[in-house]
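Below is one structure; the comments refer to it alone.
Every chain is numbered from 1, with letters handed out A, B, ... down the list of sequences.
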Protein chains: 2
Amino acid sequence: MNYSQIFCEYLKKHDLKNTTERLTVLQVVLAMDKHFDVESLIDRLKSQQKKISRATVYRTMELLVDCGLVTKHRFGENGRVYEPKSERDNHDHFLCVSCGKIIEFYDPEIEGIHQRLCERFGVEILDYSHQLYGKCNKCSG
Amino acid sequence: MNYSQIFCEYLKKHDLKNTTERLTVLQVVLAMDKHFDVESLIDRLKSQQKKISRATVYRTMELLVDCGLVTKHRFGENGRVYEPKSERDNHDHFLCVSCGKIIEFYDPEIEGIHQRLCERFGVEILDYSHQLYGKCNKCSG
DNA sequence: ACAACCATTGAGAATGAGTCTCAATGTCAG
DNA sequence: CTGACATTGAGACTCATTCTCAATGGTTGT
């Protein structure tokens, strides 16, 4: 099942309408760089002569996050950054404060930490955010 | 060396002036709840008849973060939250999305993760952010 | 102690990301 | 096809944070 199909199913299941704006946003999102902000997405839409309002773009991104096709991040003091999510795609981010490079990494021990937290405090974890900031190998020293 | 002394040293070292506004903000910050936002801090200042402008409060918080007396967080979609930092005070946060409760926890394995990242990619970590969102034991189920 | 220099402050304007409004438009079940 | 109602778009709005700049105040050297 591809992204569009998943999105359509999601829309149907929630009694939301299958509009061209929504599908167009999804298409363009999938063609963006891995990490992008809404501003770039809107620029891209404009440059492709797709006239979709800022409000609709924001509204649609929310849906895409909600149906699990996209994840939303906050890196440092900047606004939101989105990232299309692929199956079993579980990673955290390192951001170089000098050049802006983003390194994605996965360390299974993060799950150990979460597991121990749940056991210790009896909480249920729904979501998390884990970012590292520093200098990449080219910028350090 | 107490907080005020550290702050004064910091100011001197950076050729910044030792103003009553700056010291007042520090005093009131130390008397705040563990996690607070700028709005509450400004309210507190007002209620104590200390007239310090919004701009100065923001500017001073930046200094306090820079000199390591306070840490700055972003929890979810909300604005900044500050937290006075004590010696060897290394912890992450769990936030209950239902009741707002904050649990602080420390799991040494977070450092293992960071260590492995440094070795693997040759990066230097300067800072990080790690928050968990979910339901606390009273709100889950 | 004093003057002079320059950092700091405050009030309010400006910014900017994100949200809201509501009339016009589009979707879709029946 | 049509009615019911969800969605869209343009721009107003919000709200946290930053900026501006004239007035104020610390600090240093004498």
Side-chain angles (χ1 to χ4, degrees), chain A residues 4 7-29 35-46 48-67 70-82, chain B residues 4 7-29 32 35-46 48-67 70-83:
Chain A
S4 301
F7 192 33
C8 290
E9 293 263 318
Y10 167 87
L11 292 174
K12 181 166 292 181
K13 186 157 132 205
H14 290 74
D15 278 313
L16 298 170
K17 293 189 175 159
N18 194 328
T19 66
T20 54
E21 287 82 0
R22 287 175 175 163
L23 294 185
T24 301
V25 169
L26 174 57
Q27 290 320 312
V28 177
V29 159
H35 304 92
F36 62 90
D37 57 23
V38 177
E39 233 23 63
S40 324
L41 175 56
I42 289 171
D43 286 351
R44 181 74 66 91
L45 284 161
K46 261 190 205 137
Q48 297 187 14
Q49 332 301 331
K50 327 240 167 159
K51 297 176 223 311
I52 299 183
S53 78
R54 190 172 228 68
T56 298
V57 173
Y58 274 102
R59 289 187 283 232
T60 305
M61 290 314 295
E62 212 165 307
L63 296 178
L64 291 175
V65 169
D66 190 51
C67 75
V70 164
T71 51
K72 178 166 66 174
H73 304 292
R74 265 207 110 99
F75 292 152
E77 288 300 310
N78 309 313
R80 300 171 187 164
V81 171
Y82 293 95
Chain B
S4 301
F7 191 33
C8 291
E9 293 261 319
Y10 166 87
L11 292 173
K12 182 165 289 180
K13 185 156 131 208
H14 290 74
D15 279 313
L16 297 171
K17 294 187 174 162
N18 195 328
T19 66
T20 54
E21 285 83 359
R22 285 174 175 164
L23 295 185
T24 301
V25 169
L26 174 57
Q27 290 320 313
V28 177
V29 160
M32 294 292 289
H35 303 94
F36 62 91
D37 58 21
V38 178
E39 228 32 56
S40 325
L41 175 56
I42 289 172
D43 286 351
R44 182 74 65 92
L45 285 161
K46 260 191 206 135
Q48 299 187 12
Q49 334 298 334
K50 327 240 164 154
K51 295 175 225 310
I52 299 182
S53 78
R54 190 168 225 68
T56 298
V57 173
Y58 273 102
R59 289 187 283 234
T60 304
M61 290 315 294
E62 211 166 307
L63 297 178
L64 291 174
V65 169
D66 190 52
C67 75
V70 164
T71 50
K72 179 165 65 172
H73 304 293
R74 262 206 113 98
F75 292 153
E77 289 299 311
N78 309 313
R80 300 173 187 161
V81 171
Y82 293 95
E83 173 180 13

For atom NZ of Lys72(B) and atom C1' of dT18(D), their distance in whole Å: 12 Å

Glu62(B): salt bridge (Lys or Arg N to Asp or Glu O under 4.0 Å) partners, not counting sequence neighbours: none

For atom CZ of Arg80(A) and atom C1' of dA16(D), their distance in whole Å: 14 Å

Donor-acceptor pair between Gln27(A) and Ser4(A) side chains, under 3.5 angstrom: yes

Sidechain-backbone polar pair: Thr56(B) side chain, Ile52(B) backbone, donor-acceptor under 3.5 Å: no

From CA spacing to verdict: side-chain hydrogen bond (donor to acceptor under 3.5 Å, both in side chains), Asp37(B), Ser40(B): CA-CA 6 Å; Asp37(B) 58 21; Ser40(B) 325; 2.4 Å; yes

Sugar-phosphate, base or nothing in reach of Asn18(A), heavy atoms under 4.0 Å: sugar-phosphate

Short side-chain N/O contact from Tyr58(B) to OP1 or OP2 of dT17(D), under 4.0 Å: yes

Integer-rounded Å distance: dG16(C) C1' and Asp37(A) CG: 13 Å

Interatomic distance where NZ belongs to Lys13(B) and C1' belongs to dA7(C) [whole Å]: 20 Å

Whole-Å distance separating the CD1 atom of Ile42(A) from the C1' atom of dA17(C): 10 Å

Whole-Å gap separating P (dA17(C)) and CG (Asp43(A)): 11 Å

Aromatic ring pairing Phe7(B)/Tyr10(B), orientation class (parallel under 30°, perpendicular over 60°, tilted between): parallel

Arg54(B) and Glu39(B) ion-paired at < 4.0 Å: yes

Under 4.0 Å protein heavy-atom contacts per nucleotide of nucleotides 2-15 of chain D, with B for base, S for backbone only and - for none: ---BSSBBB-----

Protein-nucleotide distance (Glu39(A), atom CD; dT15(C), atom P), rounded to Å: 16 Å

Given DNA chain D, 5'-ward residue of the pair Glu62(B) and Lys12(B), judged by closest heavy atom: Glu62(B)

